[in-house]
2 protein chains.
Amino acid sequence: MPPRSRNPISRRERPAKPALTRAGIVATAVEILRAEGLAKVTMRRLAQELDTGPASLYVYVANTDELHAAILDDLLGEVDLETAARGDDWRERLVGVLSSYTLVLFTHPELARAALVARPSGENYLRLLERLLALLDEGGVPAAQAAWGVDILLQSATATAAEASTRAQSQARAQQQWDAMTRALHEVDGQAYPQVHALADQLLSGTPQERLSWNFRMLINGIASTPVPQPLPS
Amino acid sequence: MPPRSRNPISRRERPAKPALTRAGIVATAVEILRAEGLAKVTMRRLAQELDTGPASLYVYVANTDELHAAILDDLLGEVDLETAARGDDWRERLVGVLSSYTLVLFTHPELARAALVARPSGENYLRLLERLLALLDEGGVPAAQAAWGVDILLQSATATAAEASTRAQSQARAQQQWDAMTRALHEVDGQAYPQVHALADQLLSGTPQERLSWNFRMLINGIASTPVPQPLPS
DNA sequence: ACCTGAACACCGTTCAAGT
DNA sequence: ACCTGAACACCGTTCAAGT
């Protein structure tokens with residue numbers, strides 16, 4: 001048995017309180033995230049978990065947005081950069097990596113929402129960026145197009161995951177919303193909105209997977225075929 | 001002079017309290033939005049402005065997310081669906097409408113953030129959808145591709161505006177973030193991240209306008225050239 | 001049916017004061 | 001330099017009770 005506190009009156013028994021560090025704070029935040037979701041990852045709750053006051057956290061973290069970005073950095077370690085299909089076409093491998101990224105964000109859609117505002121810039125994000133650029137390069141996509149395109153690939157995947165965050169909040173509410181949308185589109189006035197009326201079914205068609213896959217392939221085609229404007233020689 | 005209250009003791013003098021309606025609530029919300037930003041559009045503040053308690057609002061609005069969607073619907077009335085350039089190529093007109101949509105959202109980037117989660121589905125949103133579909137049709141884009149593509153065009157524009165919401169919060173913080181990103185990309189280890197290292201400049205190049213325009217043209221190219229998967233005959 | 005006071009259960013951030 | 005108690009100024013949502 002390890003020796004307990006020698007002074008049981010001045011210090012109550014509890015697990016040794018570890019020194020605060022940025023890494024420790026982020027690690028605890030990720031724990032709360034996994035156990036209870038992002039909504040519970042608040043400065044106050046985090047402080048409580050770390051056995052201190054919320055003010056103490058501000059020594060290591062600028063604000064809540066920055067905290068969220070740091071959490072995402074951490075989570076991005078789970079993205080599968082290689083994908084099962086090694087021998088496949090570069091496009092399919094690219095879609096694979098992007099799908100993995102999307103799937104990781106789907107486990108915490110509220111975090112995707114945050115990521116649109118405060119982009120991560122840590123190690124795992126860099127690794128992802130590098131991999132995407134390498135695959136675009138392998139496909140012969142001109143570097144300038146790849147550089148601009150990679151941004152949009154990630155933005156699109158992030159936004160898709162963020163859109164799922166209502167659904168995550170309440171299954172019932174999400175169904176309601178979907179029903180309302182379906183009804184609205186089908187009952188649209190064909191005189192005033194002929195296109196919407198005619199395409200109502202197609203606007204709602206496809207499984208999420210089909211649409212996500214089409215989304216990525218469409219983006220890759222667009223990126224590969226759209227030259228970046230020439231900078232004016234100065 | 002209009003007659004004042006006949007019973008100054010039982011009812012204090014104040015502008016006649018209008019009956020609560022959903023439209024009235026949304027209109028007041030938009031007023032606060034324009035005057036003080038979305039952060040101030042809270043249920044409590046809105047109730048105060050309407051001279052009632054917050055609980056009363058829940059008769060007309062399901063929750064804060066739904067309120068935000070309704071506000072956006074309203075704001076979408078400002079999107080210019082025709083664009084100056086009438087004679088132009090359909091692509092240029094399409095880019096024009098999308099740019100107008102983006103610009104409207106740029107005036108309230110926090111709302112763009114909300115829009116990713118609770119999509120609007122009101123009159124103004126329908127009008128926008130109709131216009132985008134009509135332009136894609138004019139360009140000979142197959143209907144199925146247009147139907148899936150229009151979603152992504154709007155998503156991309158919305159996400160771009162949402163990304164600006166940090167910047168809106170604090171000019172100084174935004175500059176800091178940009179500097180941090182620039183430094184990170186330029187100081188990246190060329191051995192570990194050869195692509196990122198080589199493309200650092202290009203990843204950061206271009207004005208926001210140039211990138212937005214390229215973004216839309218790239219999406220249009222992708223949408224026009226990527227067939228939707230055939231549904232299996234059932 | 002519509003409206004509301006009051007309560008429940010929280011927030012982020014700052015700052016002066018301590019160690 | 002690092003840490004913190006306490007305060008400031010708020011939140012969304014629910015519910016029992018009124019009209």
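Reminder, nothing fancy here: chain letters follow the sequence lines and each chain counts from 1.
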Rounded to whole Å, how long is the line connecting atom [atom1] of [X] with atom [atom2] of [N]?
| X | N | atom1 | atom2 | result |
| --- | --- | --- | --- | --- |
| A:Arg44 | C:dA9 | CZ | C1' | 11 Å |
| A:Leu46 | C:dC10 | CG | P | 16 Å |
| A:Glu66 | C:dG12 | CD | P | 15 Å |
| B:Lys40 | D:dC10 | NZ | P | 6 Å |
| A:Leu57 | C:dT14 | CG | C1' | 14 Å |
| A:Gln48 | C:dA9 | CD | P | 14 Å |
| A:Met43 | D:dA7 | CE | P | 21 Å |
| A:Asn63 | C:dT13 | CG | P | 5 Å |

Fill in: G-U wobble or Watson-Crick pairing nucleotide for C:dA17 (cut-off 3.5 Å, both distances)
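Its partner: none found.
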Problem set entry | Partner nucleotide of D:dG12 by Watson-Crick or wobble geometry (both distances under 3.5 Å) |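 Across all strands, the one nucleotide that pairs with D:dG12 is C:dC8.
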Next item on the list: Provide the distance between the two P atoms, one in C:dA9 and one in D:dA9, to the nearest whole Å.
Entry: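 The answer is 25 Å between these two P atoms.
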Atom C1', compared across C:dA6 and D:dC11: separation rounded to whole Å: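 That atom pair is separated by 16 Å.
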For residues B:Asp151 and A:Arg211, determine if any side-chain heavy atom of one lies less than 4.5 Å from a side-chain heavy atom of the other.
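B:Asp151 vs A:Arg211: side chains touch.
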Can we say [X] and [Y] salt-bridge, meaning some charged N sits less than 4.0 Å from an Asp/Glu carboxylate O?
| X | Y | answer |
| --- | --- | --- |
| A:Glu163 | A:Arg113 | no |
| A:Arg22 | A:Glu66 | yes |
| B:Arg34 | B:Glu78 | yes |

Review point. Can you tell me how far CG of A:Asn63 sits from OH of A:Tyr58, rounded to the nearest 0.5 angstrom?
Key: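 One gets 7.0 Å once the value is rounded to the nearest 0.5 Å.
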On the nucleotide D:dC10, are OP1 or OP2 found under 4.0 Å from the side-chain N or O atoms that B:Thr42 carries?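 Answer is no, no contact under 4.0 Å.
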- Task: May I ask you to verify if any side-chain N or O of B:Ser56 is less than 4.0 angstrom from the OP1 or OP2 atom of C:dC2?
- Result: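 Checking C:dC2 against B:Ser56, no side-chain N or O comes under 4.0 Å of OP1 or OP2.
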Between C:dT4, D:dT4, D:dG12, which one does the side chain of B:Tyr58 approach most closely?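 Shortest atom-to-atom distance from the side chain points to D:dG12.
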Can you tell which of C:dA6, C:dT13, C:dG12 lies closest to the side chain of B:Ala55?
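Side chain of B:Ala55 sits closest to C:dA6.
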